[in-house]
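Structure, as structure tokens:
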Amino acid sequence: MSKIQLFNTIAKQKQQLIPINDKKVTLYVCGPTVYNRAHIGNARPEVVFDTLFRLLRSVYGDDHVIFARNITDIDDKINAAALEAGVDISVITEKYTNIYRADMALLGVLPKTLEPKVTEHVDEIIALIIKLEKDNHAYETADGVYFHVPSMANYGRLSRRKLEDMQAGARVEIDENKRNSADFALWKKAKPNEPSWDSPWGKGRPGWHIECSAMIEKSLGLTIDIHGGGHDLIFPHHENEIAQSECAHNGVPLANIWMHNGMLNFGNDKMSKSLGNVLGIDGLAEKWPAEALRLSLLSAHYRAPLDWTDDLISQNVKTLDRAYRAMDEIWDNTIEPILPNSIIEVLCDDLNTPQALAELSTLVRNANKAKTSDQKAIALAELLGAGQLLGILQLEPKQWFANQIGQKDDGLTAHIDALVKERVEVRAAKNWARADEIRDELAALCVDVKDGPEGSTWRFVV
RNA sequence: GGCCUCAUGGCGGAGUGGUGACGCAGCGGAUUGCAAAUCCGUGUACCCCAGUUCGAUUCUGGGUGAGGCCUCCA
């Protein structure tokens with residue numbers, strides 16, 4: 001069995017993944033708050049951890065990996081959106097949950113094993129808070145229940161922060177309700193007309209961090225193998241998850257390996273709604289093949305920041321085009337995928353996707369050089385397997401090329417066939433002028449003709 | 001102010017204590033009626049200054065530059 005090395009944020013180095021139970025490898029990634037559409041930045045952790053999921057499944061078996069990603073469906077921003085639209089929060093959350101799932105499916109992200117929601121775990125959240133309060137890690141105030149950070153001796157392990165340092169640089173306003181400025185809300189008491197749930201502290205709703213602690217405990221156990229999310233979640237979100245869970249569980253670690261993906265950069269400007277440069281997945285997918293968006297997200301190592309540019313996407317469209325062209329030449333829909341060891345090996349080294357793409361280009365070259373039917377069958381099988389691991393190259397090549405210029409009607413295809421047929425005839429008559437003229441006409445239709453000893457073939461190009 | 005990343009050719013982007021992947025673009029060749037595609041070959045790079053070392057892009061220290069977090073933003 002392949003050994004998987006992963007960079008553990010908490011240890012600041014690569015460590016071998018040793019599952020607590022290799023028949024039940026557990027992975028949890030923080031998911032979206034469903035109050036609007038997802039942008040491409042939200043997609044990076046989805047695509048990165050989906051690739052990890054695919055690798056884990058290939059190593060431990062499809063049925064032995066449990067991947068949970070939550071849906072946060074209780075939140076101030078959801079309340080605001082619901083209030084503005086004059087509807088119940090469930091209308092907002094259901095709408096955007098469905099859109100989110102559809103967007104991720106577009107990017108080749110596999111469905112999760114579990115998709116816990118906050119609204120379905122309010123009881124567990126309350127139980128956890130009661131436990132923390134009983135053990136003097138939490139206290140009630142006029143507006144809620146807070147976790148008392150100084151009650152945890154080793155708080156700050158993940159983000160390497162010291163309580164004193166944080167207070168020195170604290171920019172948060174002093175909250176008279178809190179005993180310490182670092183304390184954070186476990187439960188917020190409801191203001192009039194806010195959506196709320198009953199609790200021992202009256203009507204209210206959970207704080208931000210507690211949901212993940214409760215959902216992990218219920219769905220996956222006290223300690224999970226891998227916990228992932230964006231780099232920006234290290235503090236305070238993951239730090240606080242650790243605090244809540246470990247204080248409630250007598251110090252039992254919440255996760256053995258913490259993984260964090262780097263942020264996407266957008267030129268000089270941070271993507272923000274006020275700048276109007278938020279790149280939605282739906283908008284990008286109208287302009288580019290979704291598969292190229294996924295490949296672009298995998299083109300840099302997951303921990304590195306990634307500059308998101310049109311040029312990057314365009315380059316990855318070319319990469320896919322080349323791979324599909326190679327597959328098209330040796331296509332046989334009876335071939336079953338073979339997972340190439342070269343790809344598995346580099347992915348096992350902290351998910352080195354750029355190196356995997358280098359291996360992929362070798363596979364493409366092998367496919368182009370394949371002469372015998374055996375060579376072709378193996379080359380195609382390995383390309384399919386590489387695609388399966390990376391979540392790309394899952395279309396039939398013909399479909400990819402057809403998608404490049406949208407839906408084709410039969411009339412156009414017939415027209416192209418006729419032109420190509422005429423061209424074959426004039427070429428046979430060595431009427432090169434007319435042949436070139438027809439090629440120009442075809443080029444205008446985004447059609448590329450290839451002349452070979454056995455006639456001419458054509459395909460759509462970008 | 002505190003914590004954390006990063007710095008590789010025209011561009012993107014891996015990796016390594018000793019000939020510096022891979023892709024795109026460029027160039028040469030094969031192939032082609034000419035092309036396209038494909039194959040073969042090829043030039044150009046490791047931020048600066050010290051130190052360790054026979055030897056550093058790779059390790060250590062310092063500097064400079066960029067980014068992230070410290071604000072319920074993936």
Side-chain angles (χ1 to χ4, degrees), chain A residues 9 12 29-33 38-49 72 75-77 156 158-162 164-173 182 184-185 188 206-211 228-237 239-240 260-265 268 270-273 278 295-296 299-301 303-307 309 311-312 314-319 321-323 325-326 328-329 346 349 352-362 364-365 367-369 427 430-433 435-436 439-440 442-443 447-453 456-459 461:
Chain A
T9 306
K12 258 176 87 177
V29 173
C30 292
T33 301
H39 56 72
I40 190 65
N42 298 110
R44 169 116 100 147
E46 285 281 355
V47 167
V48 163
F49 291 105
T72 296
D75 180 87
D76 281 345
K77 292 190 287 280
L158 180 69
S159 60
R160 265 163 258 282
R161 280 159 210 266
K162 296 194 185 77
E164 313 84 74
D165 294 341
M166 285 169 44
Q167 286 161 336
R171 283 189 271 157
V172 283
E173 65 276 28
F184 55 90
K188 295 179 173 184
W208 176 33
H209 318 293
I210 194 71
E211 55 183 77
H231 195 263
D232 56 343
L233 292 182
I234 294 174
F235 188 90
H237 185 53
E239 196 69 75
N240 290 348
H260 294 96
N261 62 274
M263 302 286 104
L264 246 44
N265 294 331
N268 295 322
K270 182 172 177 173
M271 182 167 63
S272 76
K273 284 182 194 117
V278 175
L295 186 58
S296 297
S299 66
H301 185 82
R303 280 188 283 121
L306 175 61
D307 288 325
T309 62
D311 195 51
L312 171 75
S314 160
Q315 191 164 310
N316 285 293
V317 173
K318 286 186 190 173
T319 300
D321 223 37
R322 178 172 151 82
R325 217 180 285 126
D328 193 28
E329 292 294 332
V346 298
D349 181 13
N352 193 338
T353 52
Q355 192 64 50
L357 298 183
E359 301 300 335
L360 179 68
S361 72
T362 300
V364 169
R365 187 166 299 109
N368 283 328
K369 287 163 75 173
R427 285 186 74 239
K430 296 196 191 299
N431 181 353
W432 308 126
D436 291 349
R439 187 164 58 203
D440 290 344
L442 289 167
V447 171
D448 180 38
V449 266
K450 182 179 77 168
D451 302 324
S456 297
T457 57
W458 64 271
R459 62 161 62 97
V461 294

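Side-chain atoms are counted along with the backbone in the values below, which use heavy atoms only and exclude waters and symmetry mates. Residue numbering restarts at 1 for every chain, and letters A, B, ... go by the order of the sequence lines.
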field: Pairwise C1' distance for A37(B) and C48(B), with rounding to whole Å
entry: 46 Å
- request: Determine the interatomic distance between C1' on U57(B) and the same-named atom on G17(B); round to the nearest Å.
  value: 10 Å
- request: Please check the phosphate of A36(B) (OP1 and OP2 only) for any side-chain N or O of Arg439(A) closer than 4.0 Å.
  value: no
Spacing of the C1' atoms in U32(B) and U38(B) (rounded, Å): 11 Å
- request: Would you mind classifying the nucleic acid contact of Lys450(A) as base, sugar-phosphate or nothing, using non-hydrogen atoms under 4.0 angstrom?
  value: base
field: Arg44(A) side chain vs Gly262(A) backbone, donor-acceptor pair below 3.5 Å
entry: yes
- prompt: Between Asn261(A) and Pro45(A), which heavy-atom pair has the shortest distance, and what is it?
  reply: OD1-CB, 3.3 Å
task: Sticking with atom P, work out how far G18(B) lies from G55(B), rounded to a whole angstrom.
output: 14 Å
task: Remember a base hit wins even if backbone is also touched, and classify Leu264(A) as base, sugar-phosphate or nothing at under 4.0 Å, heavy atoms.
output: base
Contact list (N/O, under 3.5 angstrom) for nucleotides 4-6 of chain B vs protein:
none

Contact summary for Ser159(A) and Phe235(A), nearest pair of heavy atoms: OG-CD1, 3.4 Å
- prompt: Which nucleotide in the list C34(B), A74(B), C39(B) gets nearest to the side chain of Lys369(A)?
  reply: C39(B)
- prompt: What integer distance in Å separates Asp321(A):CG from A37(B):C1'?
  reply: 11 Å
message: Base, sugar-phosphate or nothing for Val346(A)? Non-hydrogen atoms, less than 4.0 Å.
response: nothing
- request: Considering just the side-chain nitrogens and oxygens of Asn368(A), establish if one lies under 4.0 Å of OP1 or OP2 belonging to C39(B).
  value: yes
- request: Go through Glu329(A) and Lys450(A) one step at a time and tell me if the salt bridge (charged side-chain N to carboxylate O under 4.0 Å, His left out) criterion holds.
  value: CA-CA 12 Å; Glu329(A) 292 294 332; Lys450(A) 182 179 77 168; 3.1 Å; yes
- prompt: 5'-most contact on RNA chain B: Asp232(A) or Ala433(A), nearest heavy atom basis?
  reply: Ala433(A)
- request: Name the residue closer to the 5' end of RNA chain B, choosing between Val449(A) and Gly230(A) according to the nucleotide with the nearest heavy atom.
  value: Val449(A)
statement: A correct 5'-to-3' footprint of nucleotides 21-29 of chain B, with B, S and - meaning base, sugar-phosphate only and no protein heavy atom under 4.0 Å, is BSBS-----
field: Rounded distance in Å - CG (Asp451(A)) to P (U32(B))
entry: 12 Å
- prompt: Mind checking what makes ring-ring contact (aromatic ring centres under 6.0 Å, His included) contact with Phe184(A), not counting sequence neighbours?
  reply: Phe147(A), His209(A)
- request: Round to the nearest Å and state the distance from Arg427(A) atom CZ to G33(B) atom P.
  value: 7 Å
message: Taking any heavy-atom pair under 4.0 Å as a contact, classify Ile234(A): base, sugar-phosphate, or nothing.
response: nothing
field: Interatomic distance at P, U58(B) relative to G2(B), whole Å
entry: 26 Å
Whole-Å gap separating C1' (C70(B)) and NE2 (His237(A)): 16 Å
- request: Before accepting this row, confirm whether a basic side-chain N of the pair Lys318(A)/Asp321(A) lies closer than 4.0 Å to the acidic partner's carboxylate O.
  value: no
statement: To the nearest angstrom, the CG-P distance between Asp436(A) and A35(B) comes to 10 Å
message: Side chain of Phe235(A) only, heavy atoms from C-beta on: which candidate in C70(B), A35(B), C11(B) is closest?
response: C70(B)
- request: Quick one: label Asp448(A) by what it contacts on the DNA or RNA (base, sugar-phosphate, nothing), any heavy atom closer than 4.0 Å.
  value: sugar-phosphate
- prompt: Of all the nucleotides listed (U38(B), G67(B), C69(B)), which has the minimum atom distance to the side chain of Asn265(A)?
  reply: G67(B)
message: Go through it in stages, so that I can follow the logic: the residues are Ile234(A) and Leu158(A), the test is side-chain contact (heavy atoms from CB on, under 4.5 Å), and I'd like the CA-CA distance, side-chain angles, deciding distance and then a yes or no.
response: CA-CA 7 Å; Ile234(A) 294 174; Leu158(A) 180 69; 3.9 Å; yes
query: So what does Arg44(A) touch, heavy atoms closer than 4.0 Å: a base, only the sugar-phosphate, or nothing?
result: nothing
query: Can you check the Arg325(A) CZ to C39(B) P distance for me, whole Å?
result: 10 Å
- prompt: Short question: side chain of Asn316(A), backbone of Thr319(A) - any donor-acceptor pair under 3.5 Å?
  reply: no
- request: For nucleotides C6(B) and G63(B), find the distance between their C1' atoms and express it as a whole number of Å.
  value: 16 Å
query: Within a strict 4.5 Å, meaning less than it, do heavy atoms of the Arg303(A) and His231(A) side chains meet?
result: no
query: Trp208(A) CH2 to A74(B) C1': how many Å, rounded?
result: 10 Å
query: Within a strict 4.5 Å, meaning less than it, do heavy atoms of the Thr353(A) and Val48(A) side chains meet?
result: no
message: Base, sugar-phosphate or nothing for His260(A)? Non-hydrogen atoms, less than 4.0 Å.
response: nothing
task: Examine distances only and state if a side-chain atom of Ser456(A) and a backbone atom of Gly452(A) form a donor-acceptor pair shorter than 3.5 Å.
output: no
task: Check salt bridge (charged side-chain N to carboxylate O under 4.0 Å, His left out) between Arg322(A) and all other residues, then give those that pass, not counting sequence neighbours.
output: none
task: Measure from CZ on Arg161(A) to P on G68(B) and round the result to the nearest Å.
output: 14 Å
- request: Using atom types as modelled and distance alone, determine if a side-chain donor or acceptor of Asp349(A) lies under 3.5 Å from a backbone N or O of Val346(A).
  value: no
Span that lies between the P atom of C22(B) and that of G43(B), in whole angstrom: 12 Å
query: Roughly how far apart, to the nearest Å, are G9(B) and A14(B) at atom C1'?
result: 14 Å
query: Considering residues at least two apart in sequence or located in another chain, which fulfil the side-chain contact (heavy atoms from CB on, under 4.5 Å) criterion with Asp76(A)?
result: Asn79(A), Lys188(A), Arg205(A)
- request: Under 3.5 Å for both distances, Watson-Crick or G-U wobble, that's the pair rule; now give the dot-bracket for RNA chain B, with | marking pairs to another strand and [ ] for crossing ones.
  value: (((((((..(((.....[...))).(((((.......)))))....(((((..]....))))))))))))....
